[in-house]
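So the structure is just underneath, and the comments pick up after that.
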Amino acid sequence: MLIFMQMLLIHSDYIEYETKKKTKIAEEISDDMKSGRLEEALTAFIAVEKCDEANSDGTVAAAVAQIKNTLEQVKSDKVMVYPYAHLSSSLSAPDVGVSVLKGIAAALEEDGLTVKRAPFGWYKAFQISCKGHPLSELSKHICVDEAAESASGVGGSGSVAALKDGACGSTVQLSEDGDVVSEALKAESVAKSYFKIMDPSGVMHDVDSFDLKNNEKLQKFVNYEVSKNRAVNAPPPHVELMKRLELADYEPGSDSGNMRYYPKGRLMKSLLENYVIERSVTDFGAMEVETPIMYDMNHPTLKKYLDRFPARQYSIESDKRHMFLRFAACFGQFLMNHDMTISYRNMPLKMIEMTRYSFRKEQRGELVGLRRLRAFTMPDMHTLCRDMDEAKEQFFEQYEFCIDVLNNIGIDLDDFEIAIRFTKDFYNENKELIEKMVQKVNKPVLIEMWDTRFFYFVLKFEFNFVDTSDKASALSTVQIDVENAERYDITYTDSDGEIKRPTVLHCSPSGAIERCIYGLLEKAAMGSAKGEITTLPVWLSPTQVRVIPVSEKHTEFAENVASAIKYRVDYDDRELTLGKKVREAGTEWIPYTVVIGDKEAETGKLTVTIRAESQPNKPFQQEMTVEELNDRIGKEIAGMPYRGLALPKYMSKRAKFV
RNA sequence: GCCGUUGUGGCUUAGCGGUAUAGCGGCUGAUUCGUAAUCAGCAGGCCGGGGGUUCAAGUCCCCCCAACGGCUCCA
């Protein structure tokens, strides 16, 4: 049986506390315990945990051994024993806590040390001046093993880690015989190993210098062994692509996860944003609105909503008001809904906003390229429905809508996996709806079911894009919200004249726009890994046609051709060889490349290299007229938004962004 | 946030205690070319930031920042 306690040891110049107020579980104390101070002392912040109750003597002994050991290392003989409940989420009963703390203090005193103990169950103010040397801050997860097993195994610093806030603490395991082995020391004591590669002739090579390009499996094995890590230690492909294609980049001058978008990236974003808004408005009957990006943290309604939404916010001080940046458009739209006069005749009532931006202060380690950002652009649509029946009907319609939107963007059913999540109660009453959803896509989906509802919704789905490194990220999602109509006091008048609460749907038809770009780039990278020629959808390609003159004498005809092409066409007027210009058109993934030379000037026909029909090392070329090329592109991008070139038409005029 | 890896001109990178490498890109000149890299020359560096060790630090140590991977979480 294992017994745990949490302890944080701090070696300080001084520690000083003062009691402020009793809690319900406060121990009775004499006046001299109401404040205390020790110089050059080790302070032991301790949380006695539930599982310590079964063997409080063992816990005391283990803690004493640990403290004495640390005292020796830091050359001190003074200890402040300080109850600190925040180290644990599973505290022991108060009486056990008090007796363990008293026991620790008494045992240390018996050994002739100077000991003070801060009282249990009081609100206390304290000041501590941490010395800051390597041993001055140690978090101990004491683990007494009654069966006296070895001290090996995994130690967890658990909740202690959160407290340390950047300090370099180490986890220590303590077996009953008192041996202390810190993970850091253990790691150091392990003999270093070196890796080499031997070639067939028996010669030894350094791993780094030996070329493994033709030994893929060995390369993988070496990576695995050397880095002791299954993961590829390289950025995901879309990060390299977003830079190389001059779409987006990190902005060191901002917070992490806030990107800069170059002209080509802005063009793509703009097209995607317009597409989602236009579909939602024109085909789906949503009304586009715009709402503020920051809100008052102390607004009573918003405050409650913040507590229910599992996201971290950016917060900003604005004079005396404490504001936070929105993480979706819910706030603004619900506040708007609250002030509206709504009849059942207006329903289902849909509003949408392309949130540029939504902010979520994700944890540092969660941010990656365009997959996970702190500032992102997301269409957020809310639908007010008369009742749950209408909500379910809408839910299914929006499910189909989301599939279609992603499909047109260039991410189809094969590219993502579906998750459907709901409460048990909802499922029991609505099995057909769930079944219908799965039938619609005709492939297995992930189901998550909750016993009780702890979010604001009873049913949701998301489409998860699965990328090159087998990571999944949510794109489209719809949720049935059964809480916020009440929280925001949103009402409508029904046909019977009654004032009623609507049921609310949250929907992001495409998911974050940046994440769609990430999906398209990752998808391209997957194709490329399979030996395919990579492309972007023609409607999203920053350049749709590039015209390349063979030499200066073809300038006039080539320029005429370029101006006769109706789409995003640019013109490579740089003094480079033909081969080089063609190569660059290829690295930019341009769908149509037109080379103009004597032959074209003579016949008036164009030789067009069509990327989508090309094979590796086998460019597909076709003769066509300007009109035929225009027709072809027109058909390909029909129904999708269009914008002109984002950069100068003449290549010589273009600056490099990356 | 925690753990691990990485950080050298705009980009990719060599150097791993002793005067900062090279290629691409940029600029200048020559070349006017038929489908994935024409040739030559020139400019460009507080070696991520701060502190320390040393006669001497991209190089060794500590702290910070960022990117990447893992945990976790989501659009």
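Here is how names work: the chains are called A, B, and so on, in the same order as the sequence lines, proteins then strands, and each is numbered from 1.
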Inter-nucleotide [atom1] distance ([N], [M]), Å rounded:
N      : M      : atom1 : value
B:rU59 : B:rG29 : C1'   : 40 Å
B:rG48 : B:rG7  : P     : 8 Å
B:rA43 : B:rA37 : P     : 29 Å
B:rC64 : B:rG69 : P     : 22 Å
B:rA57 : B:rG50 : P     : 15 Å
B:rG45 : B:rA20 : C1'   : 8 Å
B:rC46 : B:rG10 : P     : 8 Å
B:rC11 : B:rC3  : C1'   : 31 Å

Need one value for [X]: base, sugar-phosphate or nothing, where a base atom within 4.0 Å counts as base even if backbone is also close, heavy atoms only.
X      : answer
A:A419 : nothing
A:K460 : sugar-phosphate
A:L373 : base

Base of B:rA66 and ring of A:Y250 stacked, centres under 5.5 Å, planes under 30°: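 Aromatic stack with B:rA66 absent for A:Y250.
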Once you round it to whole Å, what is the distance between [atom2] of [N] and [atom1] of [X]?
X      : N      : atom1 : atom2 : result
A:E273 : B:rA75 : CD    : C1'   : 14 Å
A:R244 : B:rG10 : CZ    : C1'   : 16 Å
A:E366 : B:rC3  : CD    : C1'   : 15 Å
A:E522 : B:rA75 : CD    : P     : 19 Å
A:K361 : B:rC74 : NZ    : P     : 18 Å
A:E240 : B:rG69 : CD    : P     : 14 Å
A:F461 : B:rC74 : CZ    : C1'   : 15 Å
A:F657 : B:rG25 : CZ    : P     : 19 Å

A:V368, nearest nucleotide to its side chain (from B:rA75, B:rG26, B:rC68):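 Within the option list, the nearest is B:rC68.
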Interatomic distance, [X] atom [atom1] to [Y] atom [atom2] [nearest 0.5 angstrom]:
X      : Y      : atom1 : atom2 : value
A:F461 : A:F395 : CZ    : CZ    : 5.5 Å
A:R374 : A:L367 : CZ    : CG    : 5.0 Å
A:Y275 : A:S280 : OH    : OG    : 9.0 Å
A:R583 : A:L578 : CZ    : CG    : 14.0 Å

Pairing check on [N]: which nucleotide meets the Watson-Crick or G-U wobble criteria with it, both distances under 3.5 Å?
N      : value
B:rU19 : none
B:rA30 : B:rU38
B:rC24 : B:rG10
B:rA57 : none
B:rG1  : B:rC71
B:rG45 : none

Where protein sits on nucleotides 31-40 of chain B, one letter per nucleotide: B base, S sugar-phosphate only, - none, heavy atoms under 4.0 Å: BBBBBBBB--
Side-chain donor/acceptor contact of A:R372 with base of B:rC73 under 3.5 Å: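 A donor-acceptor contact between them is present.
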Presence of donor-acceptor pair under 3.5 Å, side chain of A:R371 and base of B:rC74: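 Per atom types, no contact qualifies.
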Aromatic plane relationship, A:F463 with A:Y399 - under 30° parallel, 30 to 60° tilted, over 60° perpendicular: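 Plane angle between 30° and 60°, so tilted.
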A:S256 side chain near B:rA66 phosphate (N/O to OP1/OP2, under 4.0 Å):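 For A:S256, the contact criterion (side-chain N or O under 4.0 Å from OP1 or OP2 of B:rA66) is met.
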Considering only nitrogen or oxygen atoms on both sides, find all protein atoms under 3.5 Å from nucleotides 42-48 of chain B and state each distance.
none

Where the chi angle of B:rG34 falls, syn if within 90° of 0 and anti if not: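 Classified anti.
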For [X] and [Y], which I'm curious about, is there any donor-acceptor pair between the side chains at under 3.5 Å?
X      : Y      : value
A:H506 : A:D380 : no
A:Y261 : A:D249 : no
A:Q333 : A:T291 : no
A:S473 : A:Y518 : yes

Among A:K581, A:R546, A:K264, A:K653, the one residue meeting salt bridge (charged side-chain N to carboxylate O under 4.0 Å, His left out) with A:D570: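 Only match with A:D570 under salt bridge (charged side-chain N to carboxylate O under 4.0 Å, His left out): A:R546.
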Proximity of A:Y295 and A:F331 rings by center, below 6.0 Å: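 A:Y295 vs A:F331: aromatic centres under 6.0 Å.
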Residues A:R372, A:E514: salt bridge by 4.0 Å N-O rule: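 Answer for the salt bridge query: no.
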RNA chain B: 5'-proximal contact among A:L367 and A:L370 (nearest heavy atom):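 Closer to the 5' end of RNA chain B: A:L367.
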